[in-house]
S.K.: 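Take a look at the following structure, please.
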Amino acid sequence: MRRTDPAGHGPVRYAPPAPEQGLPVLPRLAEVLAAAPDRAPAEVPGGSEELRHAASGYWRRRGLPTDPGRTAAAPGAAPLLLAVTTALAGDVLLPRPCPAWWAPAARLVGRRTYSVATPAECGGVPDPYALLETVRRVRAEGGRPRVLLLSVADDPTATVAPPEVLHETVEAALGEGLHIVSDETWRDTLHDPHDTVLISPAEMAPAHVTVLADLAGGLLPGDWPAALARFPDTPDGAELRARALDALTGLGAVVAAPVSAAAAYALAEPEEVTARRAAAVALHARVAAAAYRLVRDAGAFARPPQAGRHLYADLGPLRAGLARSGVGDAMELEDHLTRALGTPVPGGHRFGDELGALRVRVSLAPLTGRTPEERLATLTAPEPLALPHVQGALSMFGAALDAVRDDAPRREPPR
């Protein structure tokens, strides 16, 4: 019988976390974290001067000149987005699909959210024509569209927006008076940095873009919460930052001193940090490509993964086979694959996709090993896909897909 009661699958309380790299903490980062409790003075809302100076250097190296006084830090991307959304009065426009925590953060402060379809080339960025139509419809209904959230290197779709698509969307947003908030958490995890062009909207329209970055994307472990915001270098940007700091102060959202020290160290990008990041990105790129091939070989669909530690798969072409297993929507698909693979496989409904669409986000970390020791061995192996535990994990994933292929033979139960 189809399960129609979504109890236990609420999008806020049970929203999936960002994809983890699953690797052991870099020893030097652990040393910096452990030495930090003796530091003084105490941390403050918006981040210490040391952390904000480190953030300034990080963005400057990426072609975004940034004064430390135009930055702010928070203990994680969700409270930082909450503060920025609070400071930007008005309705929020989101690409569909989008990170699972975006809409709850906006709704928590009473902002209405509206989803906009993405173009065929990528996720993370609304189709410019769909964006214009949505803005006009919202205004006709009495709404006040004010904010556009987007991500040029996207969770969940693992794609990177082509510059020409991004430019058209930015132009459309500016023409409608929208302030753009660009989540650039995954910009440092490009699978093929030589052939993938990533441009920040802040390069195109610096006076109208606030940039967010969760350091769990490429620099810190996910359970060391730290995120950064870069505000426009304008009077409006200064006012926006001040209001966001008011919200962070009211929330008591302060980066813990040990995490702040580790974040400042990582943002300076010493050789051991960049080497670990490069190795991790190369590993995830190879595993993502292998998982992508399995999805396509099974007759399903996915955009080729270009960034991050995950794959967004559309199993719609396997609908008939899934129906034989009692799967008819994304919630049931999530349950089915989570049981089959023994690891959470969140459905697309958690990312704003339609419940009836059979889409899931597959995290790559479980495919690299089940223990920290296995994952570290995978990271350092010259041929990681040849390791038995990686082969076994990929085979399990492929078998789960093959089991629901429309042309899969029905097996008689054992007698």
Side-chain angles (χ1 to χ4, degrees), residues 10-18 43-47 70-116 124-126 131 134-135 137-139 141-151 154-156 173 176-185 201-202 208-216 225-232 234-255 349-352:
V12 177
R13 288 176 296 149
Y14 299 98
E43 299 296 318
V44 297
R70 299 295 184 179
T71 67
L80 190 53
L81 178 60
L82 189 79
V84 172
T85 307
T86 300
L88 288 165
D91 300 331
V92 180
L93 298 158
L94 313 167
R96 180 194 301 117
C98 69
W101 52 276
W102 279 9
R107 292 170 185 158
L108 192 60
V109 293
R111 306 292 186 259
R112 288 179 294 185
T113 60
Y114 299 89
S115 294
V116 186
V125 175
L131 175 64
T134 302
V135 169
R137 175 176 57 83
V138 171
R139 286 182 177 145
E141 295 171 354
R144 292 195 309 126
R146 174 75 176 91
V147 183
L148 171 61
L149 273 171
L150 55 78
S151 54
D154 186 43
D155 170 21
E176 297 297 335
L178 303 180
H179 186 86
I180 297 171
V181 178
S182 176
D183 182 350
E184 300 182 9
T185 294
H208 304 282
V209 178
T210 295
V211 178
L212 299 184
D214 191 331
L215 300 190
L228 304 170
R230 176 190 184 273
F231 296 92
T234 64
D236 286 345
E239 184 178 351
L240 174 58
R241 178 180 183 272
R243 291 199 300 266
L245 288 181
D246 286 342
L248 290 174
T249 302
L251 291 169
V254 177
V255 181
H349 63 293
R350 297 186 182 274
F351 308 101

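Position 1 is the first residue of the sequence, and the numbers go up from there. Please read all numbers here as calculations on a predicted model, not as lab measurements.
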S.K.: Locate the shortest heavy-atom distance separating Pro232 from Thr210; write the atom from each residue and the value.
M.R.: CD-OG1, 3.6 Å
S.K.: After noting the C-alpha distance and the side-chain angles of Arg139 and Glu176, does the key distance pass the salt bridge (Lys or Arg N to Asp or Glu O under 4.0 Å) rule?
M.R.: CA-CA 11 Å; Arg139 286 182 177 145; Glu176 297 297 335; 2.5 Å; yes
S.K.: Within this structure, what is the NE2-CD1 distance for the pair His208 and Ile180, rounded to the nearest 0.5 Å?
M.R.: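 Atom-to-atom, His208:NE2 and Ile180:CD1 are 9.0 Å apart.
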S.K.: Please confirm whether the backbone N or O of Arg144 pairs with a side-chain atom of Asp91, one donor and one acceptor, at under 3.5 Å?
M.R.: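 Side chain of Asp91 to backbone of Arg144, a donor-acceptor pair under 3.5 Å: yes, one is there.
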S.K.: I need the Leu93 CG to Tyr114 OH distance, nearest 0.5 Å.
M.R.: 8.5 Å
S.K.: Quick check: do Thr134 and Leu131 have side-chain heavy atoms less than 4.5 Å from each other?
M.R.: no
S.K.: Between Trp102 and Val92, does the side-chain contact (heavy atoms from CB on, under 4.5 Å) criterion hold? Intermediate values first, please.
M.R.: CA-CA 10 Å; Trp102 279 9; Val92 180; over 6 Å; no
S.K.: Before you tell me yes or no, could you show the steps for Val181 and Leu88 under side-chain contact (heavy atoms from CB on, under 4.5 Å), namely the whole-Å CA-CA distance, both residues' side-chain angles and the distance that decides it to 0.1 Å?
M.R.: CA-CA 10 Å; Val181 178; Leu88 288 165; 4.1 Å; yes
S.K.: So, for Ala173 and Leu148, which heavy atoms are closest and what is the spacing to 0.1 Å?
M.R.: CB-CD2, 3.8 Å
S.K.: If every non-hydrogen atom of Phe231 is compared with every non-hydrogen atom of Ala72, which pair is closest and at what distance?
M.R.: CE1-CB, 3.8 Å
S.K.: Any donor-acceptor pair under 3.5 Å linking the side-chain atoms of Thr185 with those of Asp183?
M.R.: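 On atom types as modelled, these side chains qualify, holding a pair under 3.5 Å.
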S.K.: Which pair of heavy atoms, one from Pro201 and one from Ser182, lies closest together, and at what distance?
M.R.: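 That would be CD-OG, 3.4 Å.
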S.K.: Surrounding CZ of Arg137 (heavy atoms of other residues, nucleotides or ligands, distance under 6.0 Å), is the total greater than 12?
M.R.: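 Counting other residues, nucleotides and ligands, CZ of Arg137 exceeds 12 neighbours.
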S.K.: Counting C-beta onward and ignoring hydrogens, is there a side-chain heavy-atom pair between Val125 and Pro95 closer than 4.5 Å?
M.R.: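 In short, these two side chains do not touch, never coming nearer than 4.5 Å.
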S.K.: Quick one: CZ on Arg111 to OG1 on Thr86, what's the gap to the nearest 0.5 Å?
M.R.: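 Interatomic distance, Arg111 CZ to Thr86 OG1, rounded to 0.5 Å: 6.0 Å.
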S.K.: For the CG atom of Leu240 and the NE2 atom of His179, what is their distance to the nearest 0.5 Å?
M.R.: 5.0 Å
S.K.: Which heavy atom in Ala226 sits nearest to a heavy atom in Asp214, and how many Å separate them?
M.R.: O-OD1, 3.3 Å
S.K.: Give the intermediate values and the outcome of side-chain contact (heavy atoms from CB on, under 4.5 Å) for residues Leu228 and Thr71.
M.R.: CA-CA 7 Å; Leu228 304 170; Thr71 67; over 6 Å; no
S.K.: So, taking the atom named OG1 in Thr113 and the one named CG in Leu149, what distance separates them when rounded to the nearest 0.5 Å?
M.R.: 10.0 Å
S.K.: Between Leu248 and Leu80, does the side-chain contact (heavy atoms from CB on, under 4.5 Å) criterion hold? Intermediate values first, please.
M.R.: CA-CA 7 Å; Leu248 290 174; Leu80 190 53; 4.3 Å; yes
S.K.: Where do Ala244 and Ala87 come nearest, in terms of heavy atoms and distance?
M.R.: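 For Ala244 and Ala87, the tightest heavy-atom pair comes out as N-CB, 3.8 Å.
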S.K.: To the nearest 0.5 angstrom, please state how far the CD atom of Glu184 sits from the CG atom of Leu150.
M.R.: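 If I round to the nearest 0.5 Å, the distance is 8.5 Å.
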